[in-house]
Colleague: 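One structure, as structure tokens, below. Some questions next.
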Amino acid sequence: MASVGLPACPPLPEKPIKCLGQYSVNAKKSGTMGEAFEKTLEDLRKLPNVVSVDPFVKPGDKVVGVQDGMPTWIADITVEKETAEEALAYVQKLEAEMEQPIF
């Protein structure tokens, strides 16, 4: 675009347009993902400032916890807040409080 006179560097906003926090959730223990996992994800999706919750496993799948090897990523959570720090803190809080019905 610069070859035809269009600016190559768009102007930057004074503050970020959006501040997102993203977390790929690991299984807390090894076992089989329970049926309640779908409700857990749906409940997360209903929370304020949650942009998306995407599962990587489904009920009945075998998962590995960190104590037994490379943990399985079970879901991805993305949130939006006023600042990057707030977004990171919020998504980490959601991960820490997330119910994992693994049996």
Side-chain angles (χ1 to χ4, degrees):
M1 287 201 223
S3 65
V4 294
L6 297 173
C9 297
L12 296 175
E14 290 293 318
K15 67 178 220 169
I17 296 171
K18 282 189 178 184
C19 294
L20 300 176
Q22 181 274 332
Y23 201 104
S24 294
V25 181
N26 289 323
K28 293 180 181 175
K29 65 180 186 176
S30 297
T32 302
M33 186 58 71
E35 293 296 324
F37 185 57
E38 291 173 348
K39 181 175 180 347
T40 298
L41 298 179
E42 193 57 40
D43 290 346
L44 282 170
R45 289 183 185 108
K46 293 176 183 175
L47 294 174
N49 304 105
V50 173
V51 175
S52 67
V53 178
D54 301 307
F56 295 144
V57 298
K58 60 188 180 309
D61 285 352
K62 300 284 186 202
V63 296
V64 177
V66 69
Q67 71 278 8
D68 295 321
M70 178 68 178
T72 304
W73 288 335
I74 62 170
D76 194 64
I77 304 171
T78 304
V79 301
E80 180 179 355
K81 286 288 199 175
E82 288 296 312
T83 68
E85 293 79 11
E86 289 174 356
L88 179 60
Y90 185 51
V91 77
Q92 287 176 331
K93 175 182 179 288
L94 293 180
E95 183 277 334
E97 296 173 354
M98 180 181 175
E99 296 272 336
Q100 293 191 12
I102 301 169
F103 307 99

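From a predicted model like this one, the values you see are computed outputs, not experimental measurements.
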Colleague: Just verifying a value: how many Å separate Thr72 OG1 and Asp61 CG, rounded to the nearest 0.5 Å?
Modeller: 9.0 Å
Colleague: Could you pull out the closest heavy-atom pair between Trp73 and Phe56, with the gap in Å?
Modeller: O-CB, 3.3 Å
Colleague: Is the number of heavy atoms from other residues, nucleotides or ligands under 6.0 Å of Glu99 CD greater than 12?
Modeller: no
Colleague: Do Met98 and Leu41 make a side-chain contact, defined as non-hydrogen atoms from C-beta onward lying under 4.5 Å apart?
Modeller: yes
Colleague: Evaluate the side-chain proximity of Ile77 to Leu44: yes if any heavy-atom separation is below 4.5 Å, no if none is.
Modeller: yes
Colleague: Considering all heavy atoms of both residues, which atom of Lys28 and which atom of Ala96 are nearest to each other, and what is their separation?
Modeller: NZ-O, 3.2 Å
Colleague: Can you see which heavy atom on Leu20 is nearest to which on Glu80, and at what distance?
Modeller: CD2-CB, 3.8 Å
Colleague: Check Cys19 against Glu82 and note the closest heavy-atom contact, atom names and distance.
Modeller: SG-O, 3.5 Å
Colleague: Taking NZ, NE, NH1 and NH2 as the nitrogens, is one of them in Lys39 or Glu42 under 4.0 Å from a carboxylate oxygen of the other?
Modeller: no
Colleague: Given the rule that I, L, V, M, F, W and Y join up when any side-chain heavy atoms are under 4.5 Å apart, are Ile74 and Val64 in one cluster?
Modeller: no
Colleague: Specify the closest pair of heavy atoms between Pro71 and Ala27, including all atoms of both residues, with the distance to one decimal.
Modeller: CB-O, 4.2 Å
Colleague: Measure across Thr40 and Pro101 and return the closest heavy-atom pair with its distance rounded to 0.1 Å.
Modeller: OG1-CD, 4.3 Å
Colleague: To the closest 0.5 Å, what do you measure between CZ (Phe37) and CD (Gln100)?
Modeller: 7.5 Å
Colleague: Find the distance between CE (Met70) and CG (Asn26) and round it off to the nearest 0.5 Å.
Modeller: 7.0 Å
Colleague: Which distance, rounded to the nearest 0.5 Å, do you find between the CZ of Arg45 and the CG of Asp54?
Modeller: 7.0 Å
Colleague: Would you say the side chain of Leu94 lies within less than 4.5 Å of the side chain of Val53, judging by non-hydrogen atoms?
Modeller: no
Colleague: Keeping Thr32 on the side-chain end and Gly60 on the backbone end, is there a donor-acceptor pair under 3.5 Å?
Modeller: no
